[in-house]
Participant: 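Have a look at this one before I ask anything.
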Amino acid sequence: MFDHRHYVPVLRWKQAEWLALRDLANAERARIPPLLEFVPQSFGSPCEKMADQILRSWGHGPFFAEYGLLDDPRVPTHASTRIRRLAEEALRRNLCLIPVTGLDRTPEYQSAVRTVADMCGRGVCIRLQREDTQRSQLRSALTRLLDGLGHSEQDTHLVADYRLVEAGAPDLRNICSGIPGLHTWQTLSVTCGAFPPDLSRLQKNRRHILPRADWLNWRNQVLTMPSLPRIPTFGDYTIQNPRYAPREGPCNYSASIRYTTDEHWIVMRGEGVFNVDGPGFDQYHGNAVLLCASEEYSGPDFSAGDRYIAEKQNPQTSPGNAASWLRAGFNHHLTFVARQISNLFAS
């Protein structure tokens, strides 16, 4: 299905993310099987509407459907029922849905995933957490789960999700040595993230440079370990933090831009858009001018997100808002990383 020349971004299913996917060029779409995390808010919509959104934004390409954020007694969304319902709507639209599960999900959740995997016929994905990869009995735990799902390693995608790089960057050699039946899994991916949880620690009205530690860790190991028995596919949390923290109530967010470069993120942080006597949303115009004048800017033809940034230099246009700028940042990041990986293995 795919290999280490592809890219597995983890994206929460919210408007900025699915619009960023919709705006991707076909060349990048072909290199990206996204892992979509459905958040409780997204399941407030009818499953028919969600399936239509997926069809419009992603079409018939493969994607991993992760419902783990709903597998929580505090979330009144009846995850198992919603999982099956969305799968039915996906099947009607011929979507390539691959359900995601893990070692410690509830029995009801595992049953729903098995039903969905059988319905869709695209296999299943097991998402291991950092602590799972260190289990002494990982082989037996995986065997039990596969038996319960009625699937084999050959039709199962394995994702080792390390989430926060700061908690310990993934060691690809150790991962390869610890995964039982390394070469029999249909695909093997390693995901992690390094973007901060928010921008509150960054000084306002300044340009900041943040290292892409998730990408640098994977790239440097791949380049310096040519004898890896299997190169895992790279995955990240794009320009978001791996920890999901839903916003509650109104928020005076800063007018900020997140922009991906070869080894860093540029964060141009403004002040609160609703500050009394402040510059408000017009800050986006000024930051767009500064970013487009920088040597790191990829140019308006690089991606839909870059085209949006270039347009916002014009003070006569609408300055946009947090959602539209996140959409541009996601789209640029997805395009940038997909091309980075492709170029890395071009020779």
Participant: Side chains of Asn217 and Gln221 only: does a donor on one sit below 3.5 Å from an acceptor on the other?
Facilitator: yes

Participant: Which residues pass the salt bridge (charged side-chain N to carboxylate O under 4.0 Å, His left out) test with Arg327, sequence neighbours left out?
Facilitator: Asp23

Participant: Within a strict 4.5 Å, meaning less than it, do heavy atoms of the Cys292 and Ile309 side chains meet?
Facilitator: yes

Participant: Consider only side-chain heavy atoms of I, L, V, M, F, W and Y, link residues closer than 4.5 Å, and tell whether Leu228 and Trp218 are in one cluster.
Facilitator: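 Looking at the clustering, Trp218 is in the same group as Leu228.
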
Participant: Nearest 0.5 Å please: distance from the CG atom of Asp155 over to the SG atom of Cys125.
Facilitator: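 Interatomic distance, Asp155 CG to Cys125 SG, rounded to 0.5 Å: 12.0 Å.
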
Participant: Is a donor from one side chain sitting under 3.5 angstrom from an acceptor on the other, for Trp13 and Gln53?
Facilitator: yes

Participant: Flag the pair Glu17 and Arg12 as a salt bridge only when some basic side-chain nitrogen lies within less than 4.0 angstrom of an acidic carboxylate oxygen.
Facilitator: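 Salt bridge between Glu17 and Arg12, a charged N being under 4.0 Å from a carboxylate O: no.
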
Participant: Quick one: do Phe63 and Ile54 satisfy side-chain contact (heavy atoms from CB on, under 4.5 Å)? Show the steps, please.
Facilitator: CA-CA 10 Å; Phe63 68 95; Ile54 296 170; 3.8 Å; yes

Participant: Salt bridge (charged side-chain N to carboxylate O under 4.0 Å, His left out) with Arg31: which residues, sequence neighbours excluded?
Facilitator: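 With neighbours one apart ignored, the set is Glu28.
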
Participant: Indicate whether the side chain of Asp306 and that of Ser298 have a donor and an acceptor atom separated by less than 3.5 Å.
Facilitator: no

Participant: Any salt bridge linking Lys14 with Glu37? Criterion: basic side-chain nitrogen under 4.0 Å from a carboxylate oxygen.
Facilitator: no

Participant: Should Tyr67 and Leu128 be counted in the same cluster of Ile, Leu, Val, Met, Phe, Trp and Tyr side chains packed under 4.5 Å apart?
Facilitator: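 Per the 4.5 Å side-chain linkage, Tyr67 and Leu128 are co-clustered.
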
Participant: I'd like to know if the side chain of His151 and the backbone of Leu149 have a donor-acceptor N/O pair within less than 3.5 Å.
Facilitator: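 Looks like yes, one N/O pair under 3.5 Å.
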
Participant: Using distance alone, with no hydrogens and no angle criterion, decide if Ser152 and Gln154 have a side-chain donor and acceptor under 3.5 Å apart.
Facilitator: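 Present: a donor and an acceptor within the cut-off.
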
Participant: Does Arg122 use its side chain to pair, donor to acceptor, with the backbone of Pro99 at less than 3.5 Å?
Facilitator: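 The answer is no, because no donor-acceptor pair under 3.5 Å joins these two groups.
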
Participant: Measure the CG-CZ distance between Leu35 and Arg127 for me, rounded to the nearest 0.5 Å.
Facilitator: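 Here the interatomic distance stands at 5.0 Å.
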
Participant: Quick check for you: to the nearest 0.5 Å, what is the distance between Asn205 atom CG and Met268 atom CE?
Facilitator: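 Separation between the atoms: 10.5 Å.
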
Participant: Under a 4.5 Å cut-off applied to non-hydrogen side-chain atoms, are Ile239 and Trp265 in contact?
Facilitator: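 Side-chain contact under 4.5 Å: yes.
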
Participant: Please name the pair of heavy atoms, one in Gly123 and one in Ile98, separated by the smallest distance, quoted to 0.1 Å.
Facilitator: O-CG2, 3.8 Å

Participant: Is there a donor-acceptor contact under 3.5 Å from the side chain of Gln283 to the main chain of Gly280?
Facilitator: yes

Participant: Answer yes or no: does atom CZ of Arg5 have more than 12 heavy-atom neighbours from other residues, nucleotides or ligands under 6.0 Å?
Facilitator: no

Participant: Apply side-chain contact (heavy atoms from CB on, under 4.5 Å) to Glu153 and Leu142, showing your working.
Facilitator: CA-CA 9 Å; Glu153 295 173 355; Leu142 285 170; over 6 Å; no

Participant: Run the salt-bridge test on Arg105 and Glu66 with the 4.0 Å N-O cut-off and return the result as yes or no.
Facilitator: yes

Participant: I want to check something: taking the side chain as every heavy atom from C-beta on, are Leu21 and Leu334 in contact at a cut-off of under 4.5 Å?
Facilitator: yes

Participant: Take Gln240 and Arg258, measure what side-chain hydrogen bond (donor to acceptor under 3.5 Å, both in side chains) needs, and give me the verdict at the end.
Facilitator: CA-CA 10 Å; Gln240 295 277 49; Arg258 308 175 183 196; 3.2 Å; yes

Participant: Quick one: which of Arg212, His332, His333 gives a side-chain hydrogen bond (donor to acceptor under 3.5 Å, both in side chains) with Thr260?
Facilitator: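 The option that passes is His333.
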
Participant: Do NZ/NE/NH1/NH2 and the carboxylate oxygens of Arg135 and Asp104 come within less than 4.0 Å?
Facilitator: yes

Participant: Has the side chain of Asn252 got a donor or acceptor atom that lies under 3.5 Å from a matching backbone atom of Val273?
Facilitator: yes

Participant: Report the distance from atom OH of Tyr259 to atom CH2 of Trp325, rounding to the nearest 0.5 Å.
Facilitator: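 Answer rounded to 0.5 Å: 10.5 Å.
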
Participant: Classify the side-chain pair Gln129/Arg163 by whether it contains a donor and acceptor separated by less than 3.5 Å.
Facilitator: yes

Participant: Would you say that Arg29 contacts Asn26 through its side chain, given a criterion of any heavy-atom pair below 4.5 Å between the two side chains?
Facilitator: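 Yes, at least one pair of side-chain atoms sits under 4.5 Å.
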
Participant: Quick one: do the Tyr308 and Ser324 side chains pair a donor with an acceptor below 3.5 Å?
Facilitator: yes

Participant: Please determine whether salt bridge (Lys or Arg N to Asp or Glu O under 4.0 Å) holds for the pair Lys49 and Glu89, giving the CA-CA distance in whole Å, both sets of side-chain angles, and the decisive distance to 0.1 Å.
Facilitator: CA-CA 9 Å; Lys49 181 178 179 181; Glu89 296 301 327; over 6 Å; no

Participant: Rounded at 0.5 Å granularity, tell me how far CG in Leu210 sits from CG in Leu202.
Facilitator: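 CG of Leu202 is found 6.0 Å from CG of Leu210.
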
Participant: Identify the two heavy atoms, one from Ser256 and one from Gly270, that lie closest to each other, and give their separation to 0.1 Å.
Facilitator: OG-N, 3.4 Å

Participant: Arg230: what forms a side-chain contact (heavy atoms from CB on, under 4.5 Å) with it, not counting sequence neighbours?
Facilitator: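 Partners of Arg230 under the side-chain contact (heavy atoms from CB on, under 4.5 Å) test: Leu182, His183, Trp185, Leu188.
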
Participant: Tell me if a side-chain donor or acceptor on Thr115 pairs with a main-chain N or O of Ser111 at a distance below 3.5 Å.
Facilitator: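 Looks like yes, one N/O pair under 3.5 Å.
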
Participant: Quick test of your reading of the model: are Glu48 and Arg92 salt-bridged, counting only N-O distances below 4.0 Å?
Facilitator: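 No.
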
Participant: Do Thr335 and Phe330 make a side-chain contact, defined as non-hydrogen atoms from C-beta onward lying under 4.5 Å apart?
Facilitator: no

Participant: Considering non-hydrogen atoms only, spot the tightest contact between Ser189 and Val8 and give its length.
Facilitator: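 Distance-wise, the nearest heavy atoms are OG-CG2, 3.7 Å.
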
Participant: Under 3.5 Å, is there a donor-acceptor pair between the side chain of Asn94 and the main chain of His60?
Facilitator: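 Between the backbone of His60 and the side chain of Asn94 there is no qualifying donor-acceptor contact (under 3.5 Å).
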
Participant: Are any of the side-chain heavy atoms of Leu97 and Phe64 separated by less than 4.5 Å?
Facilitator: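 No; the side chains remain at least 4.5 Å from each other.
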
Participant: Tell me whether Tyr162 is reachable from Met225 by hopping between hydrophobic residues (I, L, V, M, F, W, Y) whose side-chain heavy atoms are closer than 4.5 Å.
Facilitator: yes

Participant: Examine the side chains of Asn321 and Tyr253 and answer whether a donor and an acceptor come within less than 3.5 Å of each other.
Facilitator: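 Tyr253 and Asn321 do not have a side-chain donor-acceptor pair below 3.5 Å.
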
Participant: With side chain to side chain contact (heavy atoms under 4.5 Å, CB included) as the test, pick out the partner of Leu158 among Thr184, Thr187, Ile179.
Facilitator: Ile179

Participant: Any side-chain heavy atom of Leu36 within less than 4.5 Å of one from Trp18?
Facilitator: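 No, their side chains stay 4.5 Å or more apart.
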
Participant: Kindly compute the distance separating CD (Gln137) from CG (Leu103), expressed to the nearest 0.5 Å.
Facilitator: 12.5 Å

Participant: Let me check something: do Leu291 and Phe336 share a hydrophobic cluster, defined by ILVMFWY side-chain heavy atoms less than 4.5 Å apart, either directly or through other members?
Facilitator: no

Participant: If you compare all heavy atoms of Cys176 against all heavy atoms of Pro229, which two are closest, and at what distance to 0.1 Å?
Facilitator: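 That closest heavy-atom pairing would be CB-CG, 3.7 Å.
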
Participant: Any side-chain heavy atom of Glu271 sitting closer than 4.5 Å to one from Pro279?
Facilitator: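 A side-chain contact under 4.5 Å exists here.
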
Participant: Please test Val190 against Leu172 for side-chain contact (heavy atoms from CB on, under 4.5 Å), starting from the C-alpha separation and ending with a verdict.
Facilitator: CA-CA 8 Å; Val190 173; Leu172 301 187; 4.2 Å; yes

Participant: Using the rule that two of Ile, Leu, Val, Met, Phe, Trp, Tyr join whenever any of their side-chain heavy atoms come within less than 4.5 Å, decide whether Val165 and Ile175 are in one cluster.
Facilitator: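 Different hydrophobic clusters.
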
Participant: Do Ser177 side-chain atoms and Arg173 backbone N/O form a donor-acceptor pair below 3.5 Å?
Facilitator: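 Judged by distance alone, yes, a pair lies under 3.5 Å.
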
Participant: Checking the side chain of His285 only, and the main-chain atoms of Thr317 only, is there a donor and an acceptor separated by less than 3.5 Å?
Facilitator: yes

Participant: Test side-chain contact (heavy atoms from CB on, under 4.5 Å) on Ile266 and His208; report intermediate values, then the result.
Facilitator: CA-CA 6 Å; Ile266 295 174; His208 302 271; over 6 Å; no

